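Quick notes on the structure that follows.
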Amino acid sequence: QLSDLIWEQYSAENSYHDDYRSVLGMLGDSTVFRPFSDRILCFINELYGTLYSSEEAAKVVLKKSTESGVKLNRNTVLNWFAGKTQPKKGQPDRERMFALAFLLSLDIPQTIELFQKVLLERAYNLRNINDFIYLFGQLHKMSYAETMALIEKAETTLVSETEESINDTQQLLDDLAALPGEKSLLEYIASHSRA
């Protein structure tokens, strides 16, 4: 949709010298690119069919964090919803988004939506061991604590010599779906850790 908007701006009846101004105006428009605080609030309201304020939504997330035992820093959550901070691109904030997915009891499509619509990144980078295990945990209805324990086990099983790398992400997904349990997952990770 954003790409279409840019092309519409480009084809507008302006001189080529003025086109960039309309594109910059569109990119700076808060109705086109909503801040993180708006995106996460919208996600929570869509998830629960509510009209929470930012403060109410933050309280819901913090309550679910306490109930589920999935720890998210209280100040981080409050600052997300207040618009004071937003996640940066990188693994630590991906980890926080997966923690949020588990404490909200999201299924896989909802987790994908959380990443795409809120974090503006793709979910489940299957070449990342943690992401691979998060998906496994959700497929097998594991708790967050069980999934994190599995990540710790996987880190200790990594070996320096591995089988030939798998280049096909679909193959990784197919292999993951076929793994029957934790032991087979850990063996797979140990032998494909460079994939």
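Small disclaimer: the values here were computed from a predicted structure and weren't measured.
Remark: K63 NZ is loosely packed, at most 12 non-hydrogen atoms of other residues, nucleotides or ligands lying under 6.0 Å away.
Cluster annotation: F115 and L120 are assigned to distinct hydrophobic clusters (Ile/Leu/Val/Met/Phe/Trp/Tyr, side-chain heavy-atom contacts under 4.5 Å, transitive).
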In sequence, state the C-alpha distance, the side-chain angles, and the governing distance for I133 and I189, and then conclude on side-chain contact (heavy atoms from CB on, under 4.5 Å). CA-CA 9 Å; I133 295 173; I189 289 172; 3.6 Å; yes
Go through it in stages, so that I can follow the logic: the residues are R94 and N130, the test is side-chain contact (heavy atoms from CB on, under 4.5 Å), and I'd like the CA-CA distance, side-chain angles, deciding distance and then a yes or no. CA-CA 10 Å; R94 288 183 66 79; N130 290 14; over 6 Å; no
side-chain contact (heavy atoms from CB on, under 4.5 Å) between L139 and L179, worked out: CA-CA 10 Å; L139 281 171; L179 295 172; over 6 Å; no
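Between N45 and C42 the shortest side-chain heavy-atom distance does not fall below 4.5 Å. Residues R74 and T66 fail the side-chain proximity criterion, which asks for heavy atoms closer than 4.5 Å. Within the 4.5 Å cutoff, the side chain of E56 has no heavy atoms near those of the T50 side chain. Between L104 and Y48 the shortest side-chain heavy-atom distance falls below 4.5 Å.
Remark: Y124 engages F98 in a ring-ring contact (aromatic ring centres under 6.0 Å, His included) (not counting sequence neighbours).
In summary, of the residues considered (V70, L72, V77), a side-chain contact (heavy atoms from CB on, under 4.5 Å) with L100 occurs for L72 alone.
A distance of 13.5 Å separates CE of M148 from NZ of K153, quoted to the nearest 0.5 Å. Here the CG atom belonging to L47 is positioned 6.0 Å from the CG atom belonging to L106, to the nearest 0.5 angstrom. With rounding to the nearest 0.5 Å, the separation of CZ in R96 from NZ in K71 is 16.0 Å. Rounding to the nearest 0.5 Å gives a distance of 8.0 Å between CG of L41 and CD1 of I44. Between the CG atom of L135 and the CG atom of L176 there is a distance of 4.5 Å, given to the nearest 0.5 Å. L150 contributes atom CG, which lies 11.0 Å from atom CD1 of I129 (distance to the nearest 0.5 angstrom).
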In a table with atom names and distances, give each donor-acceptor pair under 3.5 Å that connects a side chain of residues 78-89 to protein atoms at least two apart or in another chain.
residue, atom, partner, partner atom, Å
N79, ND2, N75, O, 3.1
K89, NZ, L119, O, 3.0

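The minimum heavy-atom distance linking P109 with D107 is given by the pair CD-OD1, 3.3 Å. For N125 against D131, the heavy-atom pair with the smallest separation is N-OD2, 2.9 Å. Taking each heavy atom of N73 and T76 in turn, the nearest pair found is OD1-N, 3.0 Å. Across all non-hydrogen atoms, the minimal contact from F136 to E182 is CZ-N, 4.0 Å. Residue E46 comes nearest to K117 through the heavy atom pair OE1-NZ, 4.3 Å, listed as atom of the first residue, atom of the second, then distance. Closest approach of A101 to Q138, counting heavy atoms only: CB-NE2, 4.4 Å.
Relative ring orientation between Y134 and Y144 is described as parallel, the plane-to-plane angle staying below 30° on a 0-90° scale split at 30° and 60°.
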